[in-house]
Amino acid sequence: MKKYVAEPFKIKMVETIKMTTREEREELLKKANYNVFALNSGDVYIDMLTDSGTGAMSDKQWAGMMTGDEAYAGARGFFELEDAVHEIFDYKFVQPVHQGRGAEKVLFPLIVKKGHYVISNMFFDTTRAHVELAGGKAMDLVCPEALDTKTYADFKGNMDLEKMKEFIEEVGKENIDAVVMTLTNNSAGGQPVSVANVKAASEIAKANGLKVIIDAARYAENSYFVKQREKGYENKSISEIVKETFSYADAFTMSAKKDAIVNMGGAIGVKDDEELFKAVKGMTIPYEGFVTYGGLAGRDLSALAIGLKEGINEDYLYYRIGQIEYLGDKLKEAGIPFQYPVGGHAVFLDAKALLPHIPYYEFPGQALACEMYLEAGVRCCDIGSYLLGVDPETGEQLESKMEFTRLAVPRRVYTQAHFDVIVEALKEIKKRASEMKGYRITWEPKVLRHFTAKLEPLK
Ligand SMILES: *Cc1c(COP(=O)(O)O)cnc(C)c1O
């Protein structure tokens with residue numbers, strides 16, 4: 001049983017959160033049409049909706065905010081960011097952007113040609129969208145271990161290298177433009193990717209003339225897992241592991257709202273390809289803003305440069321991953337099913353296993369998310385058939401391979417007692433799981449329905 005890792009920081013500023021009663025929450029959830037995205041955050045006790053942009057910045061980052069240089073061009077924050085990227089990733093060029101999808105919007109049209117494929121261990125949804133908006137086709141080739149939620153594997157986020165070779169053979173390298181390695185593999189549950197896998201995928205890509213891009217949102221958490229689990233890396237520093245991993249790629253896109261612990265920000269890194277970087281700068285100006293700010297305030301650039309370094313601090317990562325492992329071990333002890341082992345940023349509860357009597361078209365992942373709010377004021381969300389939506393041609397509900405309810409953990413925000421509240425809530429829910437009912441959608445928009453759809457509980 002994992003012991004809780006005490007916070008490697010102390011608290012200087014607090015934010016009050018509201019306590020509500022079950023009766024109040026029943027009323028609030030009904031008013032939100034049983035869609036947790038429609039809840040006011042002020043009515044949420046513990047918010048595990050996402051780990052994106054929800055972290056707590058450090059005193060040093062806040063100091064950076066205060067001293068940020070707001071010049072339009074050549075602001076100091078840009079050079080701080082450049083220094084951090086040289087130091088951490090050993091990349092020559094960096095372009096700040098407003099968030100991860102801004103990086104994708106700028107970079108992918110420069111790399112993807114109409115009708116060509118881009119291969120990934122698994123695309124995050126905005127990354128997939130930007131490959132498709134650039135006219136390309138996105139192909140996921142994650143290893144089969146990712147789909148088995150009950151069996152332990154060290155690196156469930158890996159690319160299936162055999163499938164990758166077969167796929168290149170099948171469609172022809174001339175019809176493929178790039179390989180995107182998502183670290184950690186968010187869509188597979190925040191599961192890590194080994195350095196060996198990045199290296200091998202890169203070798204296959206290079207042999208076929210394909211560019212390698214890292215989707216780098218969780219560069220630090222991935223490197224921590226490598227240090228824990230991959231042979232030969234146990235005595236390397238996180239910094240060395242990050243450098244080696246990124247040495248196998250040509251460029252990265254990054255959402256800095258994750259491991260760089262800022263509330264807004266992103267970046268594109270280019271290792272040494274000066275022509276590509278020139279093109280990146282050319283695209284940035286019309287889309288994101290002048291090249292030394294890229295859609296960010298000067299103060300945001302300073303906070304980002306500091307956050308990039310704090311994100312790879314080993315004491316911090318030991319605590320960060322330890323916190324999530326603590327939650328996982330408590331759930332395991334209580335017999336609550338989840339994607340095992342836990343990922344770097346979240347626990348994915350296996351709603352299909354907990355609520356086997358609720359069929360996919362009655363949304364078990366969504367039912368569990370609603371129940372978590374009613375039980376304890378905890379907000380989490382469905383990653384299953386409710387999120388997946390309907391077949392655009394037939395209008396029929398699609399069946400997701402997995403029905404998850406995701407508890408995504410904000411960085412440096414919640415403490416052990418909050419995690420215990422979550423575990424206790426799930427124990428209560430498990431006791432009456434067989435009585436729980438599914439949901440029906442009463443209204444939905446055409447795309448990305450989960451954000452705004454309206455639902456009602458089935459009788
Ligand atoms: C969050 C995320 C993105 C998109 O970044 P935003 O900052 O939300 O635009 C891309 N890839 C991965 C893996 C992510 O987790």
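Counting starts at 1 for both ligands and their atoms, following the listed order.
Using modelled atom types and a 3.5 Å distance limit, the side chains of Ser385 and Gln397 yield no donor-acceptor pair. Lys150 and Gln339 share no donor-acceptor pair across their side chains, judged by distance under 3.5 Å alone.
Asp43 meets the side-chain contact (heavy atoms from CB on, under 4.5 Å) test with Lys18, Leu28, Asn40, Tyr373; sequence neighbours excluded.
Partner of Arg411 under the salt bridge (Lys or Arg N to Asp or Glu O under 4.0 Å) criterion, chosen from Glu221, Glu310, Glu7: Glu221.
In this structure, Lys236 is positioned above the aromatic face of Tyr233, its NZ or CZ under 6.0 Å from the six-membered ring centre and within 45° of the axis.
The 4.0 Å heavy-atom shell around ligand 1 contains residues Gln99, Gly100, Arg101, Glu104, Phe124, Thr126, Thr127, Thr182, Asn186, Asp215, Ala217, Arg218, Ser255, Lys257, Lys258, ordered by chain and number.
By the 4.5 Å heavy-atom criterion applied to side chains, Thr452 and Trp443 are counted as neighbours.
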